[in-house]
A.B. asks: 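There's a structure below that I have some questions on.
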Amino acid sequence: MSWSLQKSPELSDLQFEQWNRLLEERTGIQVAPHQRGFLQMQLTARMRELGINHYGHYFNEVSAGLKGMVEWLVLVDRLLVKETRFFRHRDSLEAVRRLVQTRINNQQLQENFEAWSLGCATGEEPYSLAMVINDCFALAGLEPLFGITATDVSQPSLQRAREGVYSSRRLEPLTDNERRRYFRAVSQGADNWQVTSGIRERVCFSYGNVLQVAEMPLVPMDVIYCQNLLIYFRRWRRREILNELARRLKPGGMLVIGLGEVIDWVHPDLQRVADDRVQAYVRRR
Ligand SMILES: C[S@@+](CC[C@H](N)C(=O)[O-])C[C@H]1O[C@@H](n2cnc3c(N)ncnc32)[C@H](O)[C@@H]1O
C-alpha cells in the first residue's frame, strides 16, 4: 500500500519522548501530553512529503549533520506556536512609551535607543514597538534615532516579518491613526498593507535562539521585550534566560515579559515596575 493511503502510525510513548526531548533541547519548548496528536500529525505530514514511513528513520535524518539541520529548520517551523498580533498587550507597550517619553523629557537620550524583541514571530510585535517609539520621537520633533533587533528561530516567519505585509484583518487591533500613519496599500484593490519603510528600516530581523542568549553579543539594550515565549519553557530555564537578559539591559533599561509568565523570579539589580497591568522590570542605575 502506498504511504499516502496508509493510516498515520501511532507515536509510541518512547517515540513521543524522543521527539519531545529533541524539541526541548533545541528550542526549550516542551510538547504537553495533550498536544501529542498535533506532534504526530506534523511529523507524519512532513514524513509523507519526504517519502519516509518510520519515525525512527526521520529522527535519524533530522539529527544528522548539515542536511539534518536544514530539515530541522523546516520541521521546527511547523511545530512552534507562532500566534501573534499587533499591539498584543497594549499596557506593556504603553509602559515602553512612558519610558521613552521620560527619557526624552529629561533629556537622557545621549545615544541610539535600542530595543530587542525576542521570539518576534512574523513581526507584529517589533513593528508595534517601533511605532510606539517612533511616536515619541515624532511628538518631540526629534530624529528617530532608535533601532530594534528582532530575533526568532523560525526562518519563514522572519522572512514574512522582513516583508512587513499584512492583510487588513491583521491590522484590526490598530487604531485608525496608527493604520494611517504606519501602513501603505501594497497595490490598488488588494487587501495587503505594508508597514511604512520608515518603520521597517528601524527593525533588523535575524535568526536567534533564546537558548543561546548567553553566547549572543552583549549589546546593551534600553528595552528587552519577551512575551509569550518563556511560557512554553520549564521554570528553571525561564529564570536562567531572564538572568541573562538582565545582564543585557542598560542602567535604567526595561525588561518586559508577559503578565504572569514568570512568578518566582527576582533579580538584585532590577526593580519591578509598580503597575499591576504589566510585568516589567527596570535596571537600577
Ligand atoms: C507564540 S509566538 C509569540 C510571538 C510574540 N512574541 C507575541 O507575543 O505576539 C512565540 C515565538 O517564539 C518563537 N520561538 C520558539 N522557540 C524559540 C527559541 N528557542 N528562540 C527564539 N524564538 C523562539 C516561535 O518561533 C514563535 O515565533
Side-chain angles (χ1 to χ4, degrees), residues 77 80-101 113-139 144 146-187 189-208 210 221-232 254-261 273 275 277-280:
D77 182 60
L80 297 176
V81 179
K82 284 163 294 180
E83 187 196 329
T84 187
R85 52 187 179 275
F86 284 106
F87 287 82
R88 184 168 188 175
H89 194 244
R90 257 196 200 264
D91 288 327
S92 295
L93 289 161
E94 289 309 317
V96 172
R97 192 190 298 276
R98 284 193 293 278
L99 177 82
V100 184
Q101 269 167 353
F113 189 90
E114 296 292 341
W116 182 11
S117 154
L118 288 100
C120 64
T122 38
E124 287 87 336
E125 178 179 284
Y127 286 136
S128 303
L129 273 168
M131 291 171 205
V132 164
I133 299 170
N134 192 72
D135 283 350
C136 301
F137 279 80
L139 196 69
F146 70 91
I148 305 210
T149 304
T151 51
D152 203 285
V153 287
S154 163
Q155 293 285 11
S157 297
L158 289 167
Q159 190 45 41
R160 284 189 52 203
R162 284 185 195 105
E163 288 157 12
V165 175
Y166 305 90
S167 70
S168 52
R169 243 193 92 230
R170 306 291 301 163
L171 269 50
E172 275 169 14
L174 296 151
T175 64
D176 287 345
N177 186 32
E178 285 157 352
R179 272 194 289 264
R180 224 180 2 258
R181 291 186 61 199
Y182 293 123
F183 289 86
R184 298 287 170 267
V186 170
S187 59
D191 182 35
N192 285 329
W193 300 83
Q194 187 170 36
V195 178
T196 54
S197 57
I199 290 294
R200 271 185 291 129
E201 66 201 17
R202 306 248 67 93
V203 187
C204 175
F205 290 96
S206 60
Y207 179 90
V210 76
M221 290 284 159
D222 294 286
V223 170
I224 299 181
Y225 204 93
C226 182
Q227 293 197 330
N228 304 300
L229 169 58
L230 298 177
I231 192 94
Y232 300 104
M254 185 187 273
L255 169 65
V256 186
I257 62 177
L259 199 56
E261 274 187 89
V273 171
D275 180 345
R277 293 164 303 175
V278 300
Q279 191 160 348

A.B. asks: Not counting sequence neighbours, which residues clear side-chain contact (heavy atoms from CB on, under 4.5 Å) with Asp135? List them please.
C.D. replies: Arg97, Arg181, Tyr182

A.B. asks: Output, in order, the C-alpha distance, side-chain angles, deciding distance and verdict of side-chain contact (heavy atoms from CB on, under 4.5 Å) for Tyr207 and Val153.
C.D. replies: CA-CA 6 Å; Tyr207 179 90; Val153 287; 3.7 Å; yes

A.B. asks: Given side chains that start at C-beta, do those of Val256 and Val278 come closer than 4.5 Å, heavy atoms only?
C.D. replies: no

A.B. asks: Is there a donor in the side chain of Arg98 and an acceptor in the side chain of Gln101, or the other way round, less than 3.5 Å apart?
C.D. replies: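 Checked: Arg98/Gln101 side chains show no N/O donor-acceptor pair below 3.5 Å.
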
A.B. asks: Please name the residue in the list Arg85, Arg170, Arg88 that meets the side chain to side chain donor-acceptor pair (under 3.5 Å) test with Glu124.
C.D. replies: Arg170

A.B. asks: Distance check, rounded to the nearest 0.5 Å: Leu118 atom CG versus Ile257 atom CD1?
C.D. replies: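 Answer for the CG-CD1 pair, Leu118 versus Ile257, is 12.0 Å.
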
A.B. asks: What is the minimum heavy-atom distance between Gln227 and Gly258, and which atoms define it?
C.D. replies: CG-N, 3.6 Å

A.B. asks: To the nearest 0.5 angstrom, please state how far the CG atom of Asp91 sits from the CD atom of Gln279.
C.D. replies: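 Between Asp91 CG and Gln279 CD, I get 13.0 Å after rounding to 0.5 Å.
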
A.B. asks: Are Leu259 and Arg277 side-chain neighbours, meaning at least one heavy-atom pair lies under 4.5 Å?
C.D. replies: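 Not touching, per the 4.5 Å side-chain cut-off.
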
A.B. asks: Taking Ile231's backbone N and O only, do any of them form a donor-acceptor pair with Glu261's side chain (distance below 3.5 Å, no angle check)?
C.D. replies: yes

A.B. asks: Taking the six-membered ring of Phe146, is the NZ or CZ of Arg202 close enough (under 6.0 Å from the centre) and on axis enough (within 45°)?
C.D. replies: yes

A.B. asks: Think Arg90 forms a cation-pi with Phe87, using NZ or CZ under 6.0 Å from the six-ring centre and within 45 degrees of its axis?
C.D. replies: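 Judged by the rule, Arg90 and Phe87 form a cation-pi pair.
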
A.B. asks: Ignoring hydrogens, what is the shortest heavy-atom contact between Val203 and Pro126? Give both atom names and the distance.
C.D. replies: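 Closest heavy-atom pair between Val203 and Pro126: CG1-CB, 3.9 Å.
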
A.B. asks: Any chance you could measure Met254, atom CE, to Asp222, atom CG, to the nearest 0.5 Å?
C.D. replies: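 Between Met254 CE and Asp222 CG, I get 11.0 Å after rounding to 0.5 Å.
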
A.B. asks: So does Cys120 get a backbone contact from the side chain of Glu125, meaning a donor-acceptor N/O pair under 3.5 Å?
C.D. replies: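 Judged by distance alone, no pair lies under 3.5 Å.
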
A.B. asks: How far does OH of Tyr127 sit from CG of Asn134, to the nearest 0.5 angstrom?
C.D. replies: 13.5 Å

A.B. asks: With no hydrogens and no angle check, is any side-chain donor or acceptor of Arg200 less than 3.5 Å from a backbone partner on Val195?
C.D. replies: yes

A.B. asks: Evaluate the side-chain contact (heavy atoms from CB on, under 4.5 Å) criterion for residues Gln155 and Gln159: first the C-alpha distance (whole Å), next the side-chain angles of each, then the deciding distance (0.1 Å), finally the verdict.
C.D. replies: CA-CA 6 Å; Gln155 293 285 11; Gln159 190 45 41; over 6 Å; no

A.B. asks: So Ile148 and Ile133, do their side chains get closer than 4.5 Å, heavy atoms only?
C.D. replies: yes

A.B. asks: Distance from Ser157 atom OG to Arg162 atom CZ, nearest 0.5 Å?
C.D. replies: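 Going from the OG atom of Ser157 to the CZ atom of Arg162 covers 10.5 Å.
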
A.B. asks: Between the side chains of Trp193 and Ser168, is a donor N or O closer than 3.5 angstrom to an acceptor N or O?
C.D. replies: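 Judged by distance alone, the side chains do not pair up.
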
A.B. asks: Among Asp77, Thr122, Asp152, Asn228, which residue meets the side chain to side chain donor-acceptor pair (under 3.5 Å) test with Lys82?
C.D. replies: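 Going through the options one by one, the only one that passes is Asp77.
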
A.B. asks: Looking at every non-hydrogen atom in both residues, tell me the closest pair between Met221 and Trp116 and how far apart they are.
C.D. replies: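 It is SD-CB, 3.7 Å.
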
A.B. asks: Are any non-hydrogen side-chain atoms of Gln194 and Asn192 less than 4.5 angstrom apart?
C.D. replies: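 A side-chain contact is absent here, since even the closest heavy-atom pair is not under 4.5 Å.
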
A.B. asks: Do Tyr225 and Leu93 touch side chain to side chain, with heavy atoms closer than 4.5 Å?
C.D. replies: yes

A.B. asks: With side chains defined as the heavy atoms from C-beta onward, is the minimum distance between Met131 and Leu174 less than 4.5 Å?
C.D. replies: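 Yes. Closest side-chain heavy atoms under 4.5 Å.
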
A.B. asks: Could you tell me which residues satisfy salt bridge (charged side-chain N to carboxylate O under 4.0 Å, His left out) with Glu114, sequence neighbours excluded, listed by chain and number?
C.D. replies: none

A.B. asks: Return the CD to CZ distance between Glu172 and Arg179, rounded to the nearest 0.5 Å.
C.D. replies: 8.0 Å

